[in-house]
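Below is one structure, written out as structure tokens; comments come after it.
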Amino acid sequence: MADIGKEVQRAAAYLTQGELVAIPTETVYGLAANAYDEAAVVKIFEAKNRPAFDPLIVHTHAVSEVKTIAREVPDVAYLLAERFWPGPLTLILPKAEHVPLLVTSGHDSVGLRIPRHPLTLDLLRQLPFPVAAPSANPFGYVSPTTAQHVQDQLGSRIPYILDGGACAVGIESTILALNGNEVEVLRLGGLALEELEEVVQISKARIKTSSSNPAAPGMLSSHYSPRKKVLLGSIEENLKLVDTERVGTISLRKNFPQVPMEQQIQLSASGDLGEAARALFSALRSLDEQPIDLILAEPMPEHGLGRAINDRLQRASFQG
């Protein structure tokens with residue numbers, strides 16, 4: 001425990017000095033900087049090669065801190081926070097004046113969440129500021145779910161990675177826009193709609209996409225993409241159209257005899273969509289490193305986290 005404490009202190013020191021630190025969360029690894037330090041935030045965009053029109057999510061450690069980052073906090077935000085924070089939920093709220101427009105990509109609103117990872121919560125408690133933290137990967141590529149993923153992609157660009165093990169959820173947070181007490185889903189994620197609907201009425205359960213000025217992270221049509229082309233649909237049908245020796249497959253639990261076994265990934269042998277979500281990004285990365293030409297993926301059941309998995313697969317396969 002003492003060594004872990006020293007690692008957290010080291011991460012806090014880097015962030016206080018205006019440097020970047022990769023941090024573990026329950027969703028994916030984030031690339032963190034002092035959210036109030038524009039020079040530090042610029043380093044996030046530079047390290048990720050991220051366009052300035054794509055806003056960042058701000059992370060803090062307590063609900064009491066939210067009112068220092070957002071100028072208005074409607075009652076429904078406290079209701080959601082009480083049930084789902086810490087956890088994989090981001091709320092879009094009107095930003096306080098001191099939150100840099102660089103963080104929000106010029107929007108008058110800011111995405112906020114409290115991550116559910118003990119190391120990062122400990123880190124945030126030690127800091128006198130919140131952190132802005134998108135996923136710790138090159139922009140548009142598959143999100144990292146282990147410290148090694150971060151090291152492989154950004155290791156030479158950032159001074160420190162706080163290793164918190166594999167991410168428990170494995171896909172990014174669900175994002176909600178709050179207009180007064182009206183609730184709209186901007187991005188499906190690690191919190192299922194069914195869970196949200198136990199607490200609030202979702203006025204518009206749809207996902208928007210934008211190629212120019214997204215209101216929240218992860219709203220671009222093409223995102224979460226490996227270098228290999230991804231084709232989403234019936235794997236059985238698509239296998240009739242391709243060289244089966246040169247493809248990889250991602251299914252929930254099916255095997256395909258005509259495809260080499262080492263080029264097949266089943267996300268969950270039991271059909272558990274939570275397990276499938278945790279395995280998704282690692283599966284895309286693994287097949288991206290295989291000597292294949294194409295990744296065939298099948299849609300997941302459209303309930304629970306299956307919706308969010310399908311959202312990520314659709315964006316990974318989008319060709320413009």
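Using modelled atom types, one side-chain atom of H117 and one backbone atom of L119 make a donor-acceptor pair closer than 3.5 Å. In terms of modelled atom types and a separation under 3.5 Å, the side chain of D37 and the main chain of A40 share a donor-acceptor contact. Of the possible polar contacts, none joining the R187 side chain to the T174 backbone as a donor-acceptor pair under 3.5 Å is found. Between the side chain of D311 and the main chain of R307, no donor-acceptor pair closer than 3.5 Å is present. The main-chain N or O of E289 is never found under 3.5 Å from a side-chain atom of R227 such that the two would form a donor-acceptor pair. Although no hydrogens or angles enter the test, the distance criterion places a donor-acceptor pair under 3.5 Å between the side chain of Y29 and the main chain of G164. Using modelled atom types, one side-chain atom of T120 and one backbone atom of P24 make a donor-acceptor pair closer than 3.5 Å. Side-chain atoms of D288 come within 3.5 Å of backbone atoms of K228 as a donor-acceptor pair (strictly under, hydrogens ignored). Formation of a donor-acceptor pair under 3.5 Å by the T16 side chain with backbone atoms of A12 is found in this model.
Distance check, rounded to the nearest 0.5 Å: CZ of F84 to CG of L79 gives 8.5 Å. The CE atom of M300 lies 6.0 Å from the CG atom of L313; values are rounded to the nearest 0.5 Å. Considering CD1 of I235 and CD of Q258, their distance stands at 10.0 Å, rounded to 0.5 Å.
Using a 4.5 Å heavy-atom cutoff, the side chains of N310 and E302 are in contact. Inter-residue side-chain proximity for L56 and F45 is flagged as met; some heavy-atom pair is nearer than 4.5 Å.
Contacts of A166 classified as side chain to side chain contact (heavy atoms under 4.5 Å, CB included), with partners at least two apart in sequence or in another chain: T146.
Salt bridge E198/R83: present, at least one basic N to carboxylate O contact under 4.0 Å.
Within 6.0 Å of atom CD in E262, more than 12 heavy atoms from other residues, nucleotides or ligands are found, so the atom counts as buried in its surroundings.
Looking at every heavy atom in both residues, G190 comes nearest to V169 through CA-CG1, 3.8 Å. The two atoms that bring K95 and L101 nearest to each other are CE-CD2, 3.4 Å, heavy atoms only.
Among the candidates I44, V28, D54, I57, the single residue satisfying the side chain to side chain contact (heavy atoms under 4.5 Å, CB included) test with P134 is I44. The only option from R116, E172, R113 that meets the side chain to side chain donor-acceptor pair (under 3.5 Å) definition with T25 turns out to be R113.
Ring centroid separation for the pair F129 and Y36 does not come in under the 6.0 Å cut-off.
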